[in-house]
Amino acid sequence: MTDLAKPGSGRMPRQIPYIIANEGCERFSFYGMRNILTPFLITTLLMFLPEDMRTGEAKHVFHTFVIGVYFFPLLGGWLADRYFGKYNTVFWLSLVYCAGHACLAIFEDNVNGFYFGLFLIALGSGGIKPLVASFVGDQFDQTNKDKAKVVFDAFYWIINFGSFFASLLMPLLLRDYGPAWAFGVPGILMFIATMVFWSGKKKYVHVPPSPPNPHSFMQVAKTALLAKAPGQGRPGLNVALIGAAGAVVSLAMSVQWGFVIGACTALVLLMAFGGIGASMQLDRARGLHPQEAVDGVRAVLRILIVFALVTPFWSLFDQKASTWIVQANAMTTQVSFLGWSFDVIPAQMQALNPLLVMILIPVNNLLLFPMLRKFGIEPSPLRRMTAGIVLSAAAWIVVGNLQVALDAGDPVSIAWQIAPYALLTLGEVLVSATGLEFAYSQAPASMKGVIMALWYLAVTVGNLWVLIVNASVKNESVVGYIEGTGMGVMAAQMYFFAGFALLSALAFGWYATRYKMVDHYRGNAA
């Protein structure tokens, strides 16, 4: 092995700045429109609804949109891995993304046109979401993989840099210049992001899409489920069929539940029961498929358990742009700081999240993690993620307490939301930034795009939990039970989500002790 091929001897890839700059502009555009979506829906687009229905409908539209954003990574990952490669898929879906922003600006007073724009943004943003992060990983090999963590942290930092300024400026633009400009400016930033990404085309490492593989994840899982063993039944297939039957029932209930809840629940049932069934009979695929292919499927199934246990975190995190804004609307918005008083637009509180992320990432890397190591505690990815879920639960206990005070008629300053934002953001840094690194490093080479898509699918499932809980509180018996406790419905939901996250943290921490980490970075450069 030459000196140049030694691990740690490689230089930082020169193409990384193009990807980082692209991500900063794209995240400004996405969070710029996302963070004003709920207040715009309540105060403008949904004015045709009775006043008592607008908030619930706005939350439903917002979380349905988020579900779409994090569902379409499946499509983007599949197209990139099998047909077009990451670069081409990102570029063309970015143009779709730009068209979606244009629809929001043009159809500010047209429900159908505006919703079509949200669909295009969900398709474009979601389609590129798993690919940009994994495209970053493709630029590294064994010689410089030690620098990948720094870049993934920088990648996450620039996401929050764009989000911070978008969260501050877009509510002002919406208030002072109207929705056409408030949604148009993010569209301009998205177009700039696309051009920056295109300009680095000749410098990137382009990992070609994988050819059709008879030993792919789906083929191995199918073989495992259908294979017969002498003198044995097929219990795994039976489990998968139960999931399929449940999916059919879920789709049939879409008329009552709503299409999004029915379809997403059907997908969850198919994946969960299919994965369990395949794991039960996976050894039957040995001999019919190469050993490494079968072991790869088992590794992916183990990763998917990690992803599933993270979903409650996302059900808490994404509500900062819906439920927390609704709560902030009921708070006093004048804040005094160092003798200076000013009014805060409720949607601007979301700027705290990216600001704290930019502070916490270097603080964690330079102070917290080294200090833990001095005490003999290694902050491994799964340990960090467990702690992050617990912190998110603590944040929701705090907002629940604030809501109880509001329900009692007490005036509560919007400044009190700083505490839960700080807890939730520390949880996000430990879960989300770590999850990007974990998902890429654990994914087999032929499935990096799809595995990253499945990581993002966890966000879809998290928002599905939100839709289900919000739908349940429309049930008169549920509302009656909550009111019988003397607690408001909104506060009860907040405590429910906190308990949900704590239970998932316990399960996640238990599973983390049994998970064995692997290394799936590319081999040494030639």
Side-chain angles (χ1 to χ4, degrees), residues 32-69 100-101 103-122 170-171 173-184 186 253-264 315 318-331 333 345-350 403 406-407 463-480 482-483 488-494 497:
M33 60 78 48
R34 177 184 182 272
N35 289 353
I36 61 173
L37 182 56
T38 298
F40 168 74
L41 291 170
I42 293 173
T43 61
T44 305
L45 194 67
L46 300 178
M47 289 294 287
F48 64 91
L49 292 175
E51 186 175 357
D52 61 344
M53 294 179 61
R54 291 174 200 157
T55 295
E57 182 63 17
K59 289 171 66 175
H60 180 81
V61 171
F62 176 84
H63 289 286
T64 299
F65 167 69
V66 174
I67 281 175
V69 169
H101 277 294
C103 286
L104 298 193
I106 295 169
F107 298 112
E108 60 179 277
D109 56 356
N110 182 297
V111 172
N112 292 332
F114 192 87
Y115 285 176
F116 181 66
L118 289 179
F119 167 76
L120 292 179
I121 291 177
M170 290 305 103
L173 210 59
L174 178 65
R175 184 191 67 184
D176 297 338
Y177 295 95
W181 277 103
F183 291 116
M253 293 296 291
S254 294
V255 176
Q256 181 177 344
W257 296 348
F259 174 76
V260 174
I261 292 178
C264 288
S315 70
D318 280 324
Q319 287 189 80
K320 68 181 175 60
S322 59
T323 303
W324 286 20
I325 288 181
V326 172
Q327 183 187 69
N329 284 332
M331 294 176 160
T333 57
I345 300 173
Q348 287 182 312
M349 290 297 290
Q350 293 172 91
Q403 190 61 42
L406 286 169
D407 292 342
N463 281 269
L464 171 63
W465 304 147
V466 178
L467 290 187
I468 291 173
V469 172
N470 286 343
S472 70
V473 298
K474 295 178 182 179
N475 183 286
E476 292 183 3
S477 61
V478 174
V479 173
I482 293 173
E483 291 178 346
V489 171
M490 193 167 172
Q493 285 180 273
M494 290 172 169
F497 279 111

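Nothing fancy with the numbering, it's 1 onward along the sequence. Any value given below was found using the heavy atoms of this structure, including those in side chains, with hydrogens, waters and symmetry copies removed.
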Derivation and outcome, side chain to side chain contact (heavy atoms under 4.5 Å, CB included), residues Leu41 and Glu57: CA-CA 9 Å; Leu41 291 170; Glu57 182 63 17; over 6 Å; no
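At least one donor-acceptor pair under 3.5 Å links the side chain of Gln350 to the backbone N or O of Ala347. Looking only at distances, a side-chain donor or acceptor of Arg54 sits under 3.5 Å from a matching main-chain atom of Leu49. Side chain of Thr38 to main chain of Ala321: a donor-acceptor pair is present (N/O by atom type, distance under 3.5 Å, no hydrogens or angles).
A 4.5 Å side-chain heavy-atom check between Val466 and Asp318 finds every atom pair outside the cut-off. For the pair His60/Asn470, no side-chain contact is recorded, criterion being any heavy-atom separation below 4.5 Å from C-beta on. A heavy-atom distance below 4.5 Å is found between the side chains of Val61 and Leu118. For the pair Glu108 and Thr44, the minimum side-chain heavy-atom distance is 4.5 Å or more. With contacts defined as side-chain heavy-atom distances shorter than 4.5 Å, the pair Phe183/Met170 does not qualify.
The CZ atom of Phe62 lies 9.0 Å from the OG1 atom of Thr323; values are rounded to the nearest 0.5 Å. Between the CG atom of Asn463 and the CG atom of Leu467 there is a distance of 7.0 Å, given to the nearest 0.5 Å. Note that OG1 of Thr333 and CD of Gln348 are 10.0 Å apart. Values are rounded to the nearest 0.5 Å. To the nearest 0.5 angstrom, Ile468 atom CD1 is 13.0 Å from His63 atom NE2. To the nearest 0.5 Å, atom OG1 of residue Thr64 and atom NZ of residue Lys59 are 12.5 Å apart. One distance of note links CD of Glu51 with CD1 of Ile42; it measures 10.5 Å at 0.5 Å rounding.
Annotation for Ala105 and Ala180: closest pair CB-O, 3.6 Å, computed over non-hydrogen atoms. Minimum heavy-atom separation, Lys320 to Arg34: NZ-NH1, 4.0 Å. When all heavy atoms of Ala263 and Ser254 are compared, the pair lying nearest together is N-OG, 4.1 Å. Taking both residues in full, the closest heavy atoms of Leu120 and Gly100 are given as CB-CA, 3.6 Å, listed atom of the first, atom of the second, then distance. Looking at every heavy atom in both residues, Ser315 comes nearest to Phe497 through OG-CD2, 3.8 Å. Closest of all the heavy-atom pairs between Ile121 and Leu104 is CD1-CD1, 3.5 Å.
Residue Phe116 qualifies as open at atom CZ: its count of foreign heavy atoms under 6.0 Å is 12 or below.
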